[in-house]
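Quantities reported herein were computed from a predicted structural model and do not represent experimental measurements. Chain letters run A, B, ... following the sequence lines, proteins first, then strands; residues in each count from 1.
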Amino acid sequence: MAVRPSIAGINSPDGLRSALVGAQYLADEGLSTAAYLALALGKPLLLEGAPGVGKTEAAKAIGAVLGRNIIRLQCFEGIDAAAALYEWNYTRQMLAIRQAGNEYVNIYGDEFLLARPMLEALRSPESTVLLIDEIDRSDHEFEAFLLEFLSDFQISIPETGTVRAAQPPVVVLTSNRTRDLHEALRRRCVYHWIDYPDAALEAEIVMTRASSVVRATAEAVVAAVTRLRAEPLAKPPGVAETVEWAEAATLLHTQGNPWPQAFRKAIGVALKDHDDLTFMQPKLEAVLPSEAA
Amino acid sequence: MLPRAIEPFVNFVSLLRAHGFAVAPDQTNGFIEAIGLLGPRHMADINRAALAMLSIPKERTAEFDALFRAFFMGQTVAAPAVSGDEDEEVEAFEPGDGETDVPEGEEIEESGAEATIAESLSQRRFAERDESAVLREFARHAPSRLPRRLSYRRMSARHGDTLHMRKALREAVQRDGEVFTLPELRRKTRQRRVLLLIDVSGSMKDQTDATLRFAHTLAQSTDRFEAFTLGTRLTRITPALAPKNSDEALDRTSRLVADFDGGTRIGDALQAFLAVPRFAGFARGSAVIVLSDGLERGEPNALIDAVWRLSRMAWRVDWLSPLAQGADYVPQTEALSALRPYLNSLSDGSDTQAICHHVLNLARAA
């Protein structure tokens, strides 16, 4: 296992944490420790958590901190090697054969290869971060294929040969936990469960991400969202919803709406499901922040 | 011999293994390397390194914490009572919020006359012999007859809806660039998820044993399956039904489920089911089978609303009631008659034979 204790000038979890703050992502100690370990040990980082808690944002922030491009592979049911790894450009190959006529043409050259995210990451591991998003939406066949990829970081294209990564690429996997991932996949990764941030941290996040929001508003919104998350909703509001609700309410307030109205009018930014809205209708008064500054 | 510095960590991993955590040897290596990278400066570093590297399942974090404190800091904290795999007991919707227990009924619901002991024993022996034969028959037929849906993967076929470009090209290359046949791709099918919701309250207690055996057989013959019990609480029993031996599975289930033969609050239990997004996701697109007589205390509105929401997400909702024998059954309770329009079928669930027959014919009924 290659160990690189220092990467891009970061040599401790606290170093990573302060670097992430620079990238506008406020991580807690658990996340910065797990991310640092993944980078140092050359293992993939598996982030699990409720939807909207900031997993994809974390991966993007890590990429920004390391100064690398993010290559995103969005998983869906039925994703296979053709969508994830590479595909031959069949029409171009057939045209090349026709045009060549009796002469020789190499239809397995680089110009005919369509590189998909995983192959792109393998070809330039030192300048990319591979983000495999929502791995729980894929099926077992893809997980088995991913296991192979993550263990050796090499793939073999039958027609041209093996492509090996010069150094282990940085890989981040995210999952919404709608199904359990295979044990072998979890073992290969460094794991971290991202929980909803506590009230103080979430208020900080709101103020970092939305420059127009003042502290009093941020704290009021965070308190309201915490009350909302305690209710049995189909789609509990995530961190992004908190930020947007604060921003929307501030905007409406500057346009002349008094505070309670501003929050109530912008409720569609926080609760995005019709059943949830009807369920919360009678309780809305108790949950909404009454005033903010 | 191990260096003294890392001996405690290796012993900690053995302790975890003794308590049923599956930790592979290379994970131990990773754990020790991680500790080295972090310093370690204090105990929290070791704790975090363990959580990150040893793939502790989320449901067992409390147990892991207790073991960690007991081993490294000598504190014997009363560990939460767990046995084997922890189930998902849905009481609170937010962690650390305390329990919102669904209140129990005042007395246990009992209906019908009690048979004498001798009678019931003889009946049961007879039923058992029949029952295991029925279940074996079911297990044989289930994989081919359970409902299926289209998958997003494609396979080679003679008649399909898309062109198989890769195969066409490979054949063309062999034939000097000429395309003679058009191989096609067709979508595969895969089994639909089956979601079983079992009422284990007092009024259903005669059937509980048989129903759980059926649930175990179903779990062994399908790949996508989830089972929950409803009573005064909601308990997820899918992990308990995993072992192949039915007695062991039933043993595990009886340890998980605490509200056998209690009061009935199906409506509230179903609302609790829908309130957890992960569980509600199990119902999406699946064949939902509710095994209950529908007799419950409490407001019928909760039950009606829950079944309405379930019917919109699921592919089918079938209610199998032991009272619904005969084609002329009319539901007696207000709740069940109000539910009727949301159900795909309200059928006989009085014995294993009837349940198996219904489940095997789900695909045809649709």
* Just wondering, do B:Arg309 and B:Val307 contact through their side chains at under 4.5 Å, heavy atoms? -> no
* To do: Assess the side chains of B:Thr162 and B:Arg154: does a donor N or O sit below 3.5 Å from an acceptor N or O?
  => yes
* Kindly indicate, with the supporting measurements, whether the criterion side chain to side chain contact (heavy atoms under 4.5 Å, CB included) is fulfilled by A:Val170 and A:Leu66. => CA-CA 10 Å; A:Val170 175; A:Leu66 298 175; 4.3 Å; yes
* **Option from B:Arg187, B:Arg190, B:Lys188 for which salt bridge (Lys or Arg N to Asp or Glu O under 4.0 Å) with A:Glu77 holds** => B:Arg190
* Pick one of side chain, backbone, both or neither for A:Asn176, based on which atoms fall under 4.5 Å of a heavy atom in chain B. => neither
* Asked: Side chain of A:Glu241, backbone of A:Gly238: donor and acceptor closer than 3.5 Å?
  -> yes
* To do: Only one of A:Leu146, A:Val172, A:Thr174 passes side-chain contact (heavy atoms from CB on, under 4.5 Å) with A:Ile132; say which it is.
  => A:Leu146
* **Residue pair A:Glu143 / A:Ser138, side-chain donor-acceptor N/O under 3.5 Å** => no
* What part of B:Leu38 lies closer than 4.5 angstrom to a heavy atom of chain A: side chain, backbone, both or neither? -> side chain
* Asked: Which atoms of A:Asp275 come close to chain B, meaning under 4.5 Å heavy atom to heavy atom: side chain ones, backbone ones, both, or neither?
  -> side chain
* Below 4.5 Å from any heavy atom of chain B, which atoms of A:Thr33 appear? Answer side chain, backbone, both or neither. => side chain
* Structure fact -> Honestly, the part of B:Ile56 sitting under 4.5 Å from a heavy atom of chain A is backbone
* Asked: Which region of A:Phe142, side chain (C-beta onward) or backbone (N, CA, C, O), has a non-hydrogen atom less than 4.5 Å from a non-hydrogen atom of chain B, or is it both or neither?
  -> both
* Structure fact -> Honestly, the part of A:Glu159 sitting under 4.5 Å from a heavy atom of chain B is side chain
* chain A contact via B:Arg41 - which portion, at a heavy-atom distance below 4.5 Å -> side chain
* Asked: Can you find a side-chain donor-acceptor pair between A:Arg186 and B:Ser55 that sits under 3.5 Å?
  -> no
* Give the member of A:Asp139, A:Ile97, A:Asp80 that has the highest number of heavy-atom pairs under 4.5 Å with chain B. => A:Asp139
* **Contact listing (chain B partner; residues 45-53 of chain A; heavy atom under 4.5 Å)** => none
* Taking everything shown except B:Arg186 itself, do over 12 heavy atoms lie less than 6.0 Å from its CZ? -> no
* Asked: Side chain, backbone, both or neither: which part of A:Arg187 has an atom under 4.5 Å from a heavy atom of chain B?
  -> both
* Asked: Under a 4.5 Å heavy-atom cut-off, does chain B meet the side chain of A:Asp14, its backbone, both or neither?
  -> side chain
* Asked: Are B:Gln191 and B:Thr222 linked by a side-chain donor-acceptor pair shorter than 3.5 Å?
  -> no
* Structure fact -> Under 4.5 Å to a heavy atom of chain B? For A:Phe76 that would be neither
* **Ring centre gap for A:Phe112 and A:Tyr90 strictly below 6.0 Å** => no
* Asked: B:Gln220 side chain to B:Pro243 main-chain N or O, any donor-acceptor pair under 3.5 Å?
  -> yes
* To do: Please state whether the side chain, the backbone, both or neither of B:Ala280 comes within less than 4.5 Å of a heavy atom of chain A.
  => neither
